[in-house]
Amino acid sequence: MDAFAKKYVESFMNELIAKNPGESEFHQAVSEVLTSVAPYLEAYPYLLENKIMERMVEPERVIMFRVPWMDDSGEIHINRGFRVQMNSALGPYKGGIRFHASVNLSIMKFLAFEQTFKNSLTTLPMGGAKGGSDFNPRGKSDAEVMRFCQSFMTELFRHIGQDTDVPAGDIGVGGREIGFLFGQYKRLRDEFTGTLTGKGLAWGGSLLRPEATGYGACYFAQEMLATRGESFEGKTVVVSGAGNVAQHAAEKAMRLGAKVVTLSDSDGFIYDPDGFTEEKIAYVKNLKNALRGRIKEYVNQYPSASYTGGGAKPWSIKCDIAMPCATQNELNGDAARTLVANGCFCVTEGANMPSTPEAIEVFQSAKILYSPGKASNAGGVATSGLEMTQNSIRQKWTAEEVDSHLHRIMSDIHAACIKYGTEEDGYINYVKGANIAGFIKVANAMVDQGLV
Ligand code: NDP
Ligand code: 2IT
């Protein structure tokens, strides 16, 4: 970065932090994008004059609301609901809903900001948003989750619509929650439209949407590996998380010939040195999705595997490829150094912002393959976009059709990263590539649409 870009980033970040105090995840996400695009802004002064970056970090709208609900014993609880409608330059707002105790405005804003560039990268017409609540679904009955979802939607419904804002799942929001949210939306609006994605297959959902984020991450990793004449075949893969993204990343990596040896949750991780099989993955899916169990139960079923508790993460396990698929900042500088020292040469993010800035620095200094979530986990929202298309034309595509679109989109995103991220020595800086490619489209659309 030259002196101008350095100074621009520094003064921009100072202002952002002063204006949005305490929002550390949001600061982190903006800082990463800004560092990539600052030299580009310098080369195209009309973007500076139009104050595009200043406009991008100010959400178009933030909705924050009370979500009261009653548990099974009759006790009343009050949670906080959010929807951050960040940017609609490319299409209706689009992005997931997260139910997790940690949810706050900073996390919502970082996710909505990332979503804007990710959605741009998919090539589909979608703006960026994110929503959620500090509601913790862990240990809640189906009836409690339903009442919570109904209360949440009773406020949210007035702010969304198939041409306005189309929410979907994220942490703590899967098929069950989308069903309850959709049911209440339909009841309040008296319309059956594709206003949420990730719907059930019988009522407007797309084949492969549940699989799409994890599968897409593996398709992206395949493209990365191919730049070095490598593939998943025979590689050892470490995956974190045990939810939607982790399950399907592990499944696809295994089917592509890799030995996948770990999964985790916030309590700890399991290590299966023999690697997962179809049967073991089916066991995990049932354990997590139907029984809503904890990952440590895996070792009761498969005693040759071990469990490490105390919130331990799987990054100490020797591997060739790492796929963080749980949550933000789950992989720090020390973990990154351990991975690199153990010979890991490819890190493909399934989660949003799982690597800390220090970890990214470690990967890039070691010149290993490293892709940020906004590029490699874009298959989920891309397939949501495909669900919207199928809803609009009132048709249903086959799994093969959806999969071929997903494949093409992931390979186009990879090509965009190469175009904008290849450095002088030939190293592909996927962070720079994804940020610049995602940014350009949104920025130019904003200029075209005037000062709004
Ligand atoms: P799920 O709720 O299905 O699974 C989340 C997994 O991550 C669980 O195993 C959970 O463990 C673990 N986890 C969550 N929070 C923490 C934490 N603070 N520390 C350690 N582990 C944690 O969510 P998804 O699989 O859908 O989402 C995972 C990641 O992928 C998120 O970053 C999400 O934003 C991102 N993503 C999701 C997409 C989707 O389509 N679903 C699309 C693109 C990105 P525990 O049960 O202990 O909480
Ligand atoms: O982070 C994400 O991209 C998602 N949670 C999916 C969003 C979507 O609209 O499918």
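Just follow the structure's listing: the first ligand is 1, and inside any ligand the first atom is 1.
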**Asked** Relative to the ring of His414, is the ring of Tyr430 parallel (under 30°), tilted (30 to 60°) or perpendicular (over 60°)?
**Response** tilted

**Request:** Please test Arg66 against Ile78 for side-chain contact (heavy atoms from CB on, under 4.5 Å), starting from the C-alpha separation and ending with a verdict.
**Result:** CA-CA 7 Å; Arg66 179 203 299 158; Ile78 314 298; 3.7 Å; yes

**Prompt:** What residues come within 4.0 Å of ligand 1, counting heavy atoms only?
**Reply:** Arg98, His100, Lys118, Arg138, Asp170, Ile171, Gly172, Arg209, Thr213, Gly241, Ala242, Gly243, Asn244, Val245, Ser264, Asp265, Ser266, Arg294, Cys325, Ala326, Thr327, Gly350, Ala351, Asn352, Asn377

**Item:** Ring-face cation of Lys130 near Tyr93 (centre distance under 6.0 Å, axis angle within 45°)
**Value:** no

**Prompt:** Only one of Tyr185, Trp203, Phe182 forms a ring pair (Phe, Tyr, Trp, His ring centres under 6.0 Å) with Phe192, so which one is it?
**Reply:** Phe182

**Request:** May I ask you to establish whether Lys280 and Tyr302 are in a cation-pi arrangement, using a distance under 6.0 Å from NZ or CZ to the six-membered ring centre and at most 45° from the ring axis?
**Result:** yes

**Request:** Carefully, step by step, assess Glu23 and Lys109 under the rule salt bridge (charged side-chain N to carboxylate O under 4.0 Å, His left out).
**Result:** CA-CA 9 Å; Glu23 297 180 1; Lys109 283 172 70 178; 2.8 Å; yes

**Item:** Salt-bridge contact Asp165-Arg158 (side-chain N to carboxylate O under 4.0 Å)
**Value:** no

**Request:** Using the six-membered ring wherever Trp is involved, compare the ring planes of His77 and Trp69 and label them parallel, tilted or perpendicular (cut-offs 30° and 60°).
**Result:** parallel

**Message:** Could you go through Ile107 and Gln328, starting from their C-alpha distance and side-chain angles, then the distance that decides it, and tell me whether this counts as side-chain contact (heavy atoms from CB on, under 4.5 Å)?
**Reply:** CA-CA 9 Å; Ile107 290 178; Gln328 65 275 356; 3.5 Å; yes

Write none if no such pair exists; otherwise list each N/O atom of ligand 2 with its protein N/O partner under 3.5 Å and the distance.
residue	atom	partner	partner atom	Å
ligand 2	1 (O)	Gln115	OE1	3.3
ligand 2	1 (O)	Lys118	NZ	3.0
ligand 2	1 (O)	Lys130	NZ	3.0
ligand 2	1 (O)	Asn352	ND2	3.0
ligand 2	3 (O)	Gln115	OE1	3.4
ligand 2	3 (O)	Gln115	NE2	3.0
ligand 2	3 (O)	Lys118	NZ	2.7
ligand 2	5 (N)	Lys130	NZ	3.3
ligand 2	5 (N)	Gly169	O	3.0
ligand 2	5 (N)	Asp170	OD1	2.9
ligand 2	9 (O)	Lys94	NZ	2.6
ligand 2	10 (O)	Arg209	NH2	3.0
ligand 2	10 (O)	Ser384	OG	2.5

